[in-house]
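Written below as structure tokens is the structure these notes are about.
Treat the numbers as computed from the prediction; the structure is a model and nothing was measured.
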Amino acid sequence: MERGQSRRQVTAMKQSLFDQGYLDEQFIQLEELSDDANPNFVEEIVILYYRDSSRLVSSIEQTLERSPLDFNKLDSIMHQFKGSSSSIGAKKVKAECTLLGEYCRARNAEGCMRSFQQLKREYSVLKKKLEAYFQLARQAGQLESARCPK
């Protein structure tokens, strides 16, 4: 495949992530921080995000399983997750974190459970989409690293 065509595919894939509401302008700001000295900056940040946030997802799951439900603890963990998601531009994940926080403050356990299930879906979908994006970018020669978010 021609390199120009590959780059157009990368651009189109990234645009689709914005068009579908998965990413926001923070992702662009991260990309602007990449340079010749660190061309894989965004991918490395996303890898760190998924490593750290997987711990937060586990903490939320454990908190939701306890009875009685500690809404304050859940809200605190969710707030950390929302901040991390915001930092990479994970728009849908951030929105679900906001909703989960609202359910926590309303002390609505059922709403928390439903919202967390949706949050996990959005988190998983974004991870798969970003893995595909970074793989295509590497194939197009726009990234050097062969690592994907774990």
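Distance CG/Leu23 to CG/Leu126: 6.0 Å, rounded to 0.5 Å. The line from CD1 of Ile28 to CG of Leu33 is 11.5 Å long, rounded to the nearest 0.5 Å. Taken to the nearest 0.5 Å, the CG atom of Leu56 stands 15.0 Å off from the CZ atom of Arg51. We find the CG-CG distance between Leu119 and Leu99 to be 9.5 Å, quoted to the nearest 0.5 Å. Interatomic distance, Ile60 CD1 to Glu65 CD, rounded to the nearest 0.5 Å: 12.0 Å. Considering CZ of Phe116 and CG of Leu100, their distance stands at 8.0 Å, rounded to 0.5 Å.
Ring geometry, Phe18 versus Phe27: the interplanar angle exceeds 60°, so the pair is classed perpendicular (tilted spans 30 to 60°).
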* To do: Quick one: do Arg114 and Gln118 satisfy side chain to side chain contact (heavy atoms under 4.5 Å, CB included)? Show the steps, please.
  => CA-CA 6 Å; Arg114 277 195 321 270; Gln118 183 62 30; over 6 Å; no
* List the steps and the verdict of side chain to side chain contact (heavy atoms under 4.5 Å, CB included) for Ser59 and Phe81. => CA-CA 10 Å; Ser59 293; Phe81 193 22; over 6 Å; no
* Please assess Gln139 against Gln9 for the test side chain to side chain contact (heavy atoms under 4.5 Å, CB included), listing each intermediate value before the final yes or no. => CA-CA 11 Å; Gln139 291 170 352; Gln9 284 183 320; over 6 Å; no
* To do: Using the side chain to side chain contact (heavy atoms under 4.5 Å, CB included) rule, take Leu136 and Ser6 through it: C-alpha gap first, then chi angles, then the decisive distance, then the call.
  => CA-CA 8 Å; Leu136 186 62; Ser6 295; 5.8 Å; no
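For Tyr49 and Ser85, the side-chain atoms include at least one donor-acceptor pair closer than 3.5 Å. Side chains of Gln135 and Glu131: no donor on one and acceptor on the other come within 3.5 Å.
Within the 4.5 Å cutoff, the side chain of Lys129 has heavy atoms near those of the Tyr22 side chain. Inter-residue side-chain proximity for Ser34 and Asn40 is flagged as unmet; no heavy-atom pair is nearer than 4.5 Å. The shortest side-chain heavy-atom distance between Glu61 and Val57 falls under the 4.5 Å cut-off. Looking at heavy atoms from C-beta onward, Met113 lies out of side-chain contact with Gln117 at the 4.5 angstrom threshold.
Identified under the side-chain hydrogen bond (donor to acceptor under 3.5 Å, both in side chains) test for residues 97-108, with sequence neighbours left out: Asp75-Arg105, Lys82-Thr98.
Panel note: side chain Tyr123, backbone Val93; no donor-acceptor pair is recorded below 3.5 Å. Not a single donor-acceptor pair under 3.5 Å links the side chain of Ser115 to the backbone N or O of Gly111. Counting only distance, with no hydrogens or angles, the side chain of Ser124 and the backbone of Lys120 share no donor-acceptor pair below 3.5 Å.
The local environment of NZ in Lys92 is crowded, with over 12 non-hydrogen atoms from other residues, nucleotides or ligands closer than 6.0 Å.
A salt bridge is defined here as a Lys NZ or Arg NE, NH1 or NH2 lying under 4.0 Å from an Asp or Glu carboxylate O, and Glu96 with Arg121 fails to meet this definition.
Considering every non-hydrogen atom in both Leu30 and Ile88, the closest pair reads CD1-CA, 3.6 Å. Nearest heavy-atom pair across Tyr133 and Met13 is CA-SD, 3.2 Å. For Ala37 against Pro39, the heavy-atom pair with the smallest separation is C-CD, 3.7 Å.
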